[in-house]
Undergrad: 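The structure that follows is given in the form of C-alpha cells.
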Amino acid sequence: MDALKKNPAWKGRKGPVVLVIMDGVGYGKYKEGDAVADSKMNNLTAFTEKSPHTKLKAHGKAVGLPSDDDMGNSEVGHNAMGCGRVFDQGAALVSKSIESGAMFEGKAWKEITGNVKSSGGSLHFLGLFSDGNVHSHMDHLKAMIVQAKKEGVKKVRVHTLFDGRDVGKLSALEYIDPFEAFLKGLNDNNFNAVIASGGGRMWITMDRYGADWAMVDRGWQTHVLGTARQFSTAREAVETYRREIPNVIDQDLKEFVIAEGGKPVGTIEDGDSVVYFNFRGDRALEITAAFEKDDFDKFDRRRRPKVCYSGMMEYDGDLHVPARYLVEPPSIDRTMGEYLAASGVRTLAISETQKYGHVTYFFNGNRTGKFDERLEEYVEIKSDVIPFEQRPWMKCAEITDRVIAAIGSGKYDFIRLNYPNGDMVGHTGVYQAVICSMESMDIQLGRLMEAVNKAGAVMLITADHGNSDDMYEHEKGTGAVSRKTDGSPITKTSHSLNPVPCIIYDPEYKGEYQNDPKENCLNEGLGISSVAAACIQLLGFIAPSDYDKSVLKM
C-alpha cells in the first residue's frame with residue numbers, strides 16, 4: 001500500500017481530526033415520531049448553526065443496496081465511511097455470489113445441504129415469491145434449487161409468500177405457473193421439488209417491527225405445522241380465494257398448504273434444513289427468531305423442529321441474526337485505515353462493545369486486526385448487559401472521557417468514535433428512553449467541543465444511518481401515523497430511510513476550503529462514503545482519485 005500524498009496547500013492544525021459517528025441519528029421526515037427533533041439537542045444545534053453542514057444519504061444505492069427503498073444499516077454504513085467507495089450489498093451481492101459460485105462454496109450452504117443429505121430430510125425454501133428485487137428475487141430461488149439437485153439433495157419444498165406490492169397486485173399466477181413448469185422440468189426419480197404452502201405477505205410470516213406477531217404465528221402454523229386450509233395446487237388456492245374474497249389482492253391472500261391424500265406435502269420436521277431466501281432484513285427478523293430463539297415467547301410454536309436454519313444474509317449485524325447466512329459481506333480493499341497506516345497516521349478507534357466492531361472490523365472493510373500495531377490503538381468500553389431502555393445513556397460519557405484524554409494527549413492524529421445510543425436505544429421502541437439517549441449524547445458533544453477548541457483540533461460529526469429520527473410507522477401516501485386499535489401509534493424499531501448530518505467543526509480554520517456556514521459551502525447530494533475523502537483532506541493529504549467525492553469544496 002502506497003502512502004497518501006501530502007497536500008502542499010494544507011496549513012495544518014495543532015490537534016487531531018476527530019470523526020464522531022452518532023449511530024442511528026438522522027433528519028426525520030415526519031414531525032410525529034422524530035425523537036431526535038423532540039430532544040433538547042442544544043450542542044448539536046450549536047454545531048450546526050456555527051459550522052458548515054449538509055445532509056448525506058445513508059441508505060439504498062448510496063451504500064450499495066439494490067434500491068433506495070432499502071434502509072441502511074451499521075455494517076454497510078461503516079463499510080462506506082471506512083473505504084470511501086460504495087460496494088455492492090443486498091440483491092446485487094447475492095446475484096454475484098451465485099454467479100461466481102461463492103455461495104455454494106460457503107460453509108452455510110454446505111451445512112444446510114449436508115444436513116438433509118445425511119438425514120434424508122427436506123430442504124425448505126421460504127420467502128417472497130416474486131422478482132420485485134426489494135426483498136427477494138425468483139432467480140436466486142431457482143439457482144439454489146438447481147444447485148441443490150446437482151449436489152444430491154433429494155427433496156425440496158418451497159413455501160411461497162405472494163407479493164402484490166413490489167410487483168403487480170394480482171400477479172401471483174404469473175409466478176406460480178412458470179415456476180411449476182420449472183420444477184416439473186427438474187423432477188425425476190431421484191429428485192422431487194414442489195410448492196408446499198403459501199399466502200399473502202401481509203397476512204402471514206412477513207411482519208416487521210413487532211406490529212402483528214399473529215402474522216408470524218399464522219406463517220408458522222402454515223409452513224412448519226401444515227395446519228392451514230388444504231389445496232391440491234397453489235393455483236387452485238389463489239383462484240379459490242379470489243372467488244371467495246371480493247377484491248382480494250395478492251399480499252392479502254389467506255394461508256394454504258398443498259396436500260396429497262389429505263396429508264400436507266411439506267411440513268418442516270426434525271432433520272430438515274430451512275433457507276429464508278429474502279435478502280432484506282426488516283421482514284426477516286421475526287420468522288428467524290421463531291426458528292432460532294430458545295426463549296421465544298411471542299406465540300406458542302406448539303412444535304419446534306430441530307432444523308438447520310439459514311438466512312440469505314445477516315439481517316441484523318448488531319445482534320448477529322441469523323446465526324447462519326449464505327452470502328458473506330463484500331470484499332473491500334484500500335480502506336482509509338490502510339491508507340492512513342501506510343502514511344504514518346497515528347489512529348485511535350473507540351466505542352463500547354455494541355459498536356466496537358463497527359469502528360474497527362466494519363470500518364476497516366470487514367477486516368479483523370490492525371494494519372499497523374505501532375500506529376493504531378483500538379479501545380472497547382464494555383457495554384452494560386441490560387436492556388438499553390433501562391440505561392439509555394449507555395456508555396457515551398465513558399467513551400467521551402477517553403476521547404477527551406486522547407485529544408489532549410498529542411498521541412493521535414486521527415480519532416474515530418461511535419456513540420451507539422441512537423441506534424441501540426432506538427431499536428427498543430421506547431420513546432422516552434430514546435429522548436434520554438439523545439440528550440445524554442448531546443451533553444457529550446458539548447464536552448467534545450471544549451476539548452477540540454482547547455487542542456486546536458477538527459471534528460467531523462456524522463451518522464451511519466437513521467433510526468431514532470423515525471420511531472413510528474407512517475402510512476404510505478398520507479404520512480399519517482399508523483395506529484393500533486386502541487389509538488396508540490405503531491412503534492417502529494428499525495432503521496429509517498432518512499439522510500444523516502455531516503458537520504465540519506474547525507475552530508482554527510485557515511482558509512483551505514469553503515467554510516462559511518451561511519453559504520452553500522459543502523458539496524451536496526452525496527452519500528456517507530464521502531466522509532472518507534473529507535477526513536483524509538482534513539488530515540492534510542490528497543484523497544485517492546477513485547474515492548467518492550469529498551463534502552469539502554477545496
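Throughout, residue positions are numbered sequentially from 1 according to the sequence presented.
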Undergrad: Please report the shortest heavy-atom distance between N278 and G127, naming the atom on each side.
TA: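 In terms of heavy atoms, the two residues are closest at OD1-CA, 3.4 Å.
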Undergrad: Does atom NZ of K553 have more than 12 heavy-atom neighbours, drawn from other residues, nucleotides or ligands, at distances under 6.0 Å?
TA: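 Atom NZ in K553 is packed in, count exceeds 12.
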Undergrad: Do F296 and W213 have ring centroids that are under 6.0 Å from one another?
TA: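 Close enough - the centres of the two rings lie under 6.0 Å apart.
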Undergrad: Just by modelled atom types, is the V36 backbone N or O under 3.5 Å from a matching donor or acceptor in the S468 side chain?
TA: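 No; zero donor-acceptor contacts below 3.5 Å.
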Undergrad: Is it the case that the ring center of F541 lies less than 6.0 angstrom away from the ring center of Y339?
TA: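 No, they do not, as the ring centres are separated by 6.0 Å or more.
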Undergrad: When S197 is tested against each of R157, H159, Q221, H124 for side-chain hydrogen bond (donor to acceptor under 3.5 Å, both in side chains), which residue passes?
TA: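 With S197 as partner, R157, H159, Q221, H124 yield a single side-chain hydrogen bond (donor to acceptor under 3.5 Å, both in side chains), made by H159.
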Undergrad: To the nearest 0.5 angstrom, please state how far the CG atom of D464 sits from the CG atom of N79.
TA: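 If we round to the nearest 0.5 Å, D464:CG and N79:CG are 11.0 Å apart.
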Undergrad: Parallel under 30°, tilted from 30 to 60°, perpendicular over 60°: which one fits the rings of F291 and Y309?
TA: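 Correct class here is parallel.
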Undergrad: Mark yes or no for whether T428, through its side chain, and F388, through its backbone, hold a donor-acceptor pair below 3.5 Å.
TA: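 It does not hold such a pair.
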Undergrad: Count the heavy atoms belonging to other residues, nucleotides or ligands that lie under 6.0 Å from CG of D546, then report whether that count exceeds 12.
TA: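 Yes, CG of D546 has more than 12 neighbouring heavy atoms, counting only those of other groups under 6.0 Å.
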Undergrad: Going by heavy atoms in the side chains, are I350 and V359 under 4.5 Å from each other?
TA: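 Answer no - side chains too far apart.
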Undergrad: Between the side chain of S383 and the main-chain N/O of T353, is any donor-acceptor distance below 3.5 Å?
TA: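 Side chain of S383 to backbone of T353: a pair is present.
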Undergrad: Drop me the distance from I98's CD1 to L141's CG, to the nearest 0.5 angstrom.
TA: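 Those atoms lie 9.5 Å apart.
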Undergrad: Would you call D166 and R280 a salt bridge, taking side-chain N to carboxylate O under 4.0 Å as the test?
TA: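 Salt bridge between D166 and R280, a charged N being under 4.0 Å from a carboxylate O: no.
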Undergrad: Among H223, E255, E286, find the one that has a side-chain hydrogen bond (donor to acceptor under 3.5 Å, both in side chains) with T205.
TA: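 Among H223, E255, E286, the one that satisfies the side-chain hydrogen bond (donor to acceptor under 3.5 Å, both in side chains) with T205 is H223.
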Undergrad: For K370, I'd like to know if atom NZ has over 12 heavy atoms of other residues, nucleotides or ligands within 6.0 Å.
TA: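 Enclosed: over 12 neighbouring heavy atoms sit under 6.0 Å from NZ of K370.
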Undergrad: Evaluate the ring planes of H465 and H495, with Trp represented by its six-membered ring, and classify them as parallel (under 30°), tilted (30 to 60°) or perpendicular (over 60°).
TA: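 H465 vs H495 ring planes: parallel.
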Undergrad: Do the side chains of D333 and R85 get close enough for a salt bridge, i.e. N-O under 4.0 angstrom?
TA: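 Yes, charged N to carboxylate O under 4.0 Å.
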Undergrad: With a 6.0 Å cut-off (strictly less than), is the heavy-atom count around NZ of K149, excluding the residue itself, greater than 12?
TA: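 Counting neighbours around NZ of K149, more than 12 heavy atoms of other residues, nucleotides or ligands fall under 6.0 Å, so yes.
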Undergrad: Does any part of the side chain of Y472, heavy atoms only, come nearer than 4.5 Å to the side chain of S482, both counted from C-beta?
TA: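 No, their side chains stay 4.5 Å or more apart.
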Undergrad: Hey, mind stepping through D423 and K355 against salt bridge (charged side-chain N to carboxylate O under 4.0 Å, His left out) and telling me if it holds?
TA: CA-CA 10 Å; D423 191 39; K355 297 293 179 177; 2.8 Å; yes
Undergrad: State the CG-CG distance between D207 and D217, to the nearest 0.5 angstrom.
TA: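 CG of D217 is found 11.5 Å from CG of D207.
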Undergrad: To the nearest 0.5 Å, what is the distance between CG on N115 and OG on S310?
TA: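 So the CG of N115 and the OG of S310 are separated by 11.5 Å.
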Undergrad: Say you draw a straight line from CZ of F362 to CG of N418; how long is it, rounded to the nearest 0.5 Å?
TA: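 Answer for the CZ-CG pair, F362 versus N418, is 12.0 Å.
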Undergrad: R165 vs D69, test: salt bridge (charged side-chain N to carboxylate O under 4.0 Å, His left out). Steps then yes/no.
TA: CA-CA 12 Å; R165 286 166 70 94; D69 290 325; over 6 Å; no
Undergrad: In sequence, state the C-alpha distance, the side-chain angles, and the governing distance for D250 and Y175, and then conclude on side chain to side chain donor-acceptor pair (under 3.5 Å).
TA: CA-CA 12 Å; D250 292 350; Y175 295 100; over 6 Å; no
Undergrad: Before you tell me yes or no, could you show the steps for F279 and L65 under side chain to side chain contact (heavy atoms under 4.5 Å, CB included), namely the whole-Å CA-CA distance, both residues' side-chain angles and the distance that decides it to 0.1 Å?
TA: CA-CA 10 Å; F279 48 74; L65 298 172; over 6 Å; no
Undergrad: Less than 4.5 Å apart, any side-chain heavy atom of H78 and any of D23?
TA: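 Yes - at least one pair of side-chain heavy atoms lies under 4.5 Å apart.
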Undergrad: Which heavy atom of L183 sits nearest to which heavy atom of I195, and what is that distance?
TA: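 Heavy atoms of L183 and I195 come nearest at CD1-N, 4.1 Å.
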Undergrad: Could you walk me through whether E151 and W109 pass side chain to side chain donor-acceptor pair (under 3.5 Å), step by step?
TA: CA-CA 11 Å; E151 294 189 17; W109 177 261; 2.9 Å; yes
Undergrad: Minimum heavy-atom separation for S496 to M71, with atom names?
TA: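 What the structure gives for the nearest pair is O-CB, 3.9 Å.
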Undergrad: Rounded to the nearest 0.5 Å, what separation is found between the OH atom of Y547 and the SG atom of C83?
TA: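 Answer for the OH-SG pair, Y547 versus C83, is 6.5 Å.
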Undergrad: L460 versus C502: any side-chain heavy-atom pair under 4.5 Å?
TA: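 Yes - at least one pair of side-chain heavy atoms lies under 4.5 Å apart.
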Undergrad: Tell me if a side-chain donor or acceptor on S95 pairs with a main-chain N or O of A91 at a distance below 3.5 Å.
TA: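 Yes, S95 side chain to A91 backbone: donor-acceptor pair under 3.5 Å.
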Undergrad: Would you check if L526 and D548 make a side-chain contact, meaning some heavy-atom pair closer than 4.5 Å?
TA: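 No. Closest side-chain heavy atoms not under 4.5 Å.
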Undergrad: Where do S122 and V116 come nearest, in terms of heavy atoms and distance?
TA: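 Distance-wise, the nearest heavy atoms are O-CG1, 3.3 Å.
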Undergrad: Sub-3.5 Å donor-acceptor pair from the side chain of D272 to the main-chain atoms of V307, do we have one?
TA: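 No: the side chain of D272 does not pair with the backbone of V307.
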Undergrad: Do the side chains of T462 and L19 get nearer than 4.5 Å, heavy atoms only?
TA: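 Touching, per the 4.5 Å side-chain cut-off.
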Undergrad: What heavy-atom pair brings R301 and A290 nearest, and what distance separates the two atoms?
TA: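 Nearest pair, atom of R301 first, then A290: NH1-O, 2.7 Å.
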Undergrad: Would you mind reporting whether E352 and E380 have side-chain heavy atoms less than 4.5 Å apart?
TA: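 No, too far: nothing below the 4.5 Å cut-off.
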Undergrad: Going through the distances and angles, do W203 and L253 end up as a side chain to side chain contact (heavy atoms under 4.5 Å, CB included)?
TA: CA-CA 7 Å; W203 179 247; L253 286 168; over 6 Å; no
Undergrad: Please check if atom NZ in K142 has more than 12 non-hydrogen atoms from other residues, nucleotides or ligands closer than 6.0 Å.
TA: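 Correct, the count exceeds 12.
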Undergrad: Determine the interplanar angle of the F414 and F363 rings, folded into 0 to 90°, and report it as parallel if under 30°, tilted if 30 to 60°, perpendicular if over 60°.
TA: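 Tilted.
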Undergrad: Count the heavy atoms belonging to other residues, nucleotides or ligands that lie under 6.0 Å from NZ of K117, then report whether that count exceeds 12.
TA: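 Count over threshold, so yes.
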Undergrad: Walk me through it: do L552 and L522 pass the test side chain to side chain contact (heavy atoms under 4.5 Å, CB included)?
TA: CA-CA 5 Å; L552 299 179; L522 295 181; 4.1 Å; yes
Undergrad: Of the non-hydrogen atoms in L128 and F277, which two are nearest, and what is the gap between them?
TA: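 Closest heavy-atom pair between L128 and F277: O-CE1, 3.4 Å.
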Undergrad: Could you check whether any side-chain N or O of H59 sits under 3.5 Å from a backbone N or O of D70, counting only pairs where one atom can act as donor and the other as acceptor?
TA: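 No; judged by distance alone, with no hydrogens or angles, the pair does not exist.
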Undergrad: With a 3.5 Å distance limit and no angle check, can you tell me whether T335 reaches the backbone of E338 through a side-chain donor-acceptor pair?
TA: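 The answer is yes, because a donor-acceptor pair under 3.5 Å joins these two groups.
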Undergrad: Do any N or O atoms from the side chain of D252 and from the backbone of M202 form a donor-acceptor pair under 3.5 angstrom?
TA: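 A pair under 3.5 Å: no.
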Undergrad: Test your reading of the model: is there a side-chain donor-acceptor pair from N187 to the backbone of A193, 3.5 Å cut-off?
TA: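 Here the side-chain-to-backbone pair exists.
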Undergrad: Determine, step by step, whether D470 and K492 satisfy the salt bridge (charged side-chain N to carboxylate O under 4.0 Å, His left out) criterion, reporting the C-alpha distance in whole Å, the side-chain angles of both residues, the deciding distance to 0.1 Å, and the verdict.
TA: CA-CA 7 Å; D470 191 17; K492 181 178 179 182; 2.8 Å; yes
Undergrad: What do the steps show when you test M206 against H135 for side chain to side chain contact (heavy atoms under 4.5 Å, CB included), and what is the final call?
TA: CA-CA 10 Å; M206 279 181 63; H135 292 266; 4.0 Å; yes
Undergrad: Going by atom types alone, do T347 and E376 pair a side-chain donor with an acceptor below 3.5 Å?
TA: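 No, because no side-chain N or O of T347 sits under 3.5 Å from a partner of the opposite role on E376.
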Undergrad: Any side-chain heavy-atom pair from D139 and D131 closer than 4.5 angstrom?
TA: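 Not touching, per the 4.5 Å side-chain cut-off.
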